[in-house]
Amino acid sequence: MTDLRGSLRVRAVAVVAAVLTVAAGLGVRAVAGGEFAKCAGDALYTVLVHTLVVLVAPRVRPARAAVVAAALSWAVELFQLTGVPDDLGRRSTLARLVLGSTFNPPDLFWYLVGAALAWAVHRALRPGAAAAPVC
(Lines give C-alpha, C1' and ligand atoms only; values in the text may rest on other atoms or scores of the structure.)
Protein backbone atom coordinates (compact mmCIF):
# COMPACT_ATOMS: atom_id res chain seq x y z
CA MET A 1 0.00 0.00 0.00
CA THR A 2 2.88 2.36 0.75
CA ASP A 3 4.23 1.81 -2.77
CA LEU A 4 0.83 2.71 -4.25
CA ARG A 5 0.68 5.88 -2.14
CA GLY A 6 4.18 6.80 -3.22
CA SER A 7 3.29 6.32 -6.89
CA LEU A 8 0.15 8.41 -6.49
CA ARG A 9 2.13 11.18 -4.78
CA VAL A 10 4.74 11.15 -7.56
CA ARG A 11 2.01 11.24 -10.20
CA ALA A 12 0.29 14.15 -8.44
CA VAL A 13 3.56 16.08 -8.38
CA ALA A 14 4.07 15.26 -12.07
CA VAL A 15 0.61 16.62 -12.94
CA VAL A 16 1.33 19.84 -11.02
CA ALA A 17 4.74 20.09 -12.73
CA ALA A 18 3.11 19.60 -16.14
CA VAL A 19 0.55 22.35 -15.47
CA LEU A 20 3.28 24.70 -14.21
CA THR A 21 5.42 23.92 -17.25
CA VAL A 22 2.59 24.74 -19.65
CA ALA A 23 1.88 27.93 -17.68
CA ALA A 24 5.57 28.87 -17.87
CA GLY A 25 5.56 28.31 -21.61
CA LEU A 26 2.46 30.46 -22.10
CA GLY A 27 3.92 33.07 -19.75
CA VAL A 28 7.18 33.27 -21.66
CA ARG A 29 5.28 33.73 -24.92
CA ALA A 30 3.10 36.44 -23.33
CA VAL A 31 5.99 38.49 -21.94
CA ALA A 32 8.83 37.77 -24.29
CA GLY A 33 9.07 37.17 -27.95
CA GLY A 34 11.57 36.33 -30.60
CA GLU A 35 14.48 34.00 -30.09
CA PHE A 36 14.29 33.95 -26.27
CA ALA A 37 10.68 32.73 -26.28
CA LYS A 38 11.48 30.13 -28.93
CA CYS A 39 14.50 28.73 -27.04
CA ALA A 40 12.64 28.74 -23.73
CA GLY A 41 9.70 27.02 -25.42
CA ASP A 42 11.96 24.29 -26.79
CA ALA A 43 13.49 23.65 -23.37
CA LEU A 44 10.07 23.68 -21.69
CA TYR A 45 8.75 21.25 -24.32
CA THR A 46 11.29 18.69 -23.10
CA VAL A 47 10.53 19.51 -19.45
CA LEU A 48 6.88 18.75 -20.21
CA VAL A 49 7.81 15.47 -21.90
CA HIS A 50 9.88 14.60 -18.81
CA THR A 51 6.90 15.22 -16.54
CA LEU A 52 4.74 13.02 -18.77
CA VAL A 53 7.33 10.24 -18.59
CA VAL A 54 7.20 10.47 -14.78
CA LEU A 55 3.40 10.47 -14.89
CA VAL A 56 3.41 7.22 -16.89
CA ALA A 57 6.30 5.62 -14.97
CA PRO A 58 6.41 7.18 -11.49
CA ARG A 59 9.33 5.02 -10.32
CA VAL A 60 11.58 6.10 -13.19
CA ARG A 61 14.93 7.51 -12.14
CA PRO A 62 15.63 11.15 -13.01
CA ALA A 63 18.45 10.39 -15.45
CA ARG A 64 16.41 7.81 -17.35
CA ALA A 65 13.41 10.15 -17.55
CA ALA A 66 15.66 12.93 -18.84
CA VAL A 67 17.21 10.68 -21.49
CA VAL A 68 13.78 9.46 -22.62
CA ALA A 69 12.44 13.04 -22.73
CA ALA A 70 15.43 14.27 -24.75
CA ALA A 71 15.23 11.29 -27.11
CA LEU A 72 11.50 11.81 -27.72
CA SER A 73 12.06 15.53 -28.30
CA TRP A 74 14.86 14.80 -30.75
CA ALA A 75 12.70 12.19 -32.51
CA VAL A 76 9.91 14.73 -32.99
CA GLU A 77 12.39 17.31 -34.28
CA LEU A 78 13.96 14.84 -36.71
CA PHE A 79 10.47 13.73 -37.81
CA GLN A 80 9.97 17.30 -39.01
CA LEU A 81 12.50 16.57 -41.76
CA THR A 82 9.84 14.39 -43.43
CA GLY A 83 7.38 17.27 -43.86
CA VAL A 84 4.58 15.21 -42.29
CA PRO A 85 4.33 17.33 -39.10
CA ASP A 86 4.05 20.50 -41.19
CA ASP A 87 1.23 18.96 -43.23
CA LEU A 88 -0.57 17.74 -40.10
CA GLY A 89 -0.04 21.10 -38.38
CA ARG A 90 -1.86 22.89 -41.20
CA ARG A 91 -4.95 20.83 -40.36
CA SER A 92 -4.69 20.62 -36.57
CA THR A 93 -3.56 23.09 -33.92
CA LEU A 94 -2.88 20.20 -31.55
CA ALA A 95 -0.63 18.50 -34.11
CA ARG A 96 1.24 21.76 -34.66
CA LEU A 97 1.75 22.21 -30.90
CA VAL A 98 2.92 18.63 -30.33
CA LEU A 99 4.89 18.01 -33.53
CA GLY A 100 6.00 21.47 -34.60
CA SER A 101 6.43 22.16 -38.28
CA THR A 102 9.96 22.67 -39.53
CA PHE A 103 13.32 21.23 -38.54
CA ASN A 104 15.63 23.68 -36.77
CA PRO A 105 19.03 22.27 -35.68
CA PRO A 106 19.48 24.61 -32.65
CA ASP A 107 16.29 23.15 -31.16
CA LEU A 108 18.23 19.94 -30.49
CA PHE A 109 20.51 21.84 -28.10
CA TRP A 110 17.60 23.47 -26.25
CA TYR A 111 15.94 20.07 -25.78
CA LEU A 112 19.09 18.97 -23.97
CA VAL A 113 18.93 22.09 -21.80
CA GLY A 114 15.33 21.24 -20.91
CA ALA A 115 16.25 17.63 -20.15
CA ALA A 116 19.07 18.78 -17.86
CA LEU A 117 16.76 21.21 -16.06
CA ALA A 118 14.07 18.54 -15.63
CA TRP A 119 16.68 16.04 -14.40
CA ALA A 120 17.96 18.50 -11.77
CA VAL A 121 14.48 19.32 -10.45
CA HIS A 122 13.35 15.68 -10.52
CA ARG A 123 16.50 14.60 -8.67
CA ALA A 124 16.05 17.31 -6.05
CA LEU A 125 12.41 16.33 -5.45
CA ARG A 126 13.01 12.59 -5.05
CA PRO A 127 12.59 11.23 -1.55
CA GLY A 128 15.99 11.03 0.14
CA ALA A 129 17.50 13.38 -2.46
CA ALA A 130 19.35 15.38 0.20
CA ALA A 131 21.20 12.26 1.36
CA ALA A 132 21.93 10.98 -2.17
CA PRO A 133 25.48 11.36 -3.48
CA VAL A 134 26.06 13.71 -6.40
CA CYS A 135 27.59 11.04 -8.63
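In this structure, Val49 is a member of the same hydrophobic cluster as Val98, with clusters built from ILVMFWY side-chain heavy atoms closer than 4.5 Å. When hydrophobic clusters are built by joining Ile, Leu, Val, Met, Phe, Trp and Tyr residues whose side-chain heavy atoms come closer than 4.5 Å, directly or via intermediates, Val84 is grouped together with Leu99. Placement of Leu52 and Val22 within a single hydrophobic cluster is found when ILVMFWY residues are connected by side-chain heavy-atom separations under 4.5 Å, directly or transitively. Val28 and Val31 end up in different hydrophobic clusters when Ile, Leu, Val, Met, Phe, Trp and Tyr side chains are linked at under 4.5 Å. Using a 4.5 Å cut-off between side-chain heavy atoms of Ile, Leu, Val, Met, Phe, Trp and Tyr, with links allowed through other members, Tyr45 and Leu78 fall into the same hydrophobic cluster.
Residues Val76 and Tyr111 are not in side-chain contact: their nearest non-hydrogen atoms beyond the backbone lie 4.5 Å or more apart. Under the 4.5 Å side-chain criterion, counting only non-hydrogen atoms from C-beta, Asp3 is in contact with Arg59. Between Phe103 and Leu108, some side-chain heavy-atom pair lies under the 4.5 Å cut-off. Side-chain contact check for Leu8 versus Leu4: some heavy-atom pair is nearer than 4.5 Å. Side-chain contact between Trp110 and Thr46 is absent, with no heavy atoms from C-beta onward closer than 4.5 Å.
In this structure, the separation between CG on Leu48 and CG on Leu72 is 11.5 Å, given to the nearest 0.5 Å. One finds the CG atom of Asp42 at 11.0 Å from the CG atom of Leu112 (value rounded to the nearest 0.5 Å). Rounding to the nearest 0.5 Å gives a distance of 10.5 Å between CZ of Arg90 and CZ of Arg96. Interatomic distance, Thr51 OG1 to Leu44 CG, rounded to the nearest 0.5 Å: 10.5 Å.
Nearest heavy-atom pair across Leu55 and Arg11 is O-NE, 2.8 Å. Across every non-hydrogen atom of Gly114 and Val47, the tightest pair is O-CG2, 3.4 Å.
The backbone N or O of Pro105 sits nowhere less than 3.5 Å from a side-chain atom of Glu77 that would complete a donor-acceptor pair. Judged by distance alone, with hydrogens and angles left aside, the side-chain atoms of Gln80 form no donor-acceptor pair with the main-chain N or O of Asp86 at under 3.5 Å.
The local environment of CZ in Phe36 is sparse, with at most 12 non-hydrogen atoms from other residues, nucleotides or ligands closer than 6.0 Å.
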Carefully, step by step, assess Asp107 and Lys38 under the rule side chain to side chain contact (heavy atoms under 4.5 Å, CB included). CA-CA 9 Å; Asp107 292 355; Lys38 176 157 182 10; 2.9 Å; yes
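Using the six-membered ring where Trp is involved, His122 and His50 have ring planes that are perpendicular, over 60° apart on the 30 and 60° scheme.
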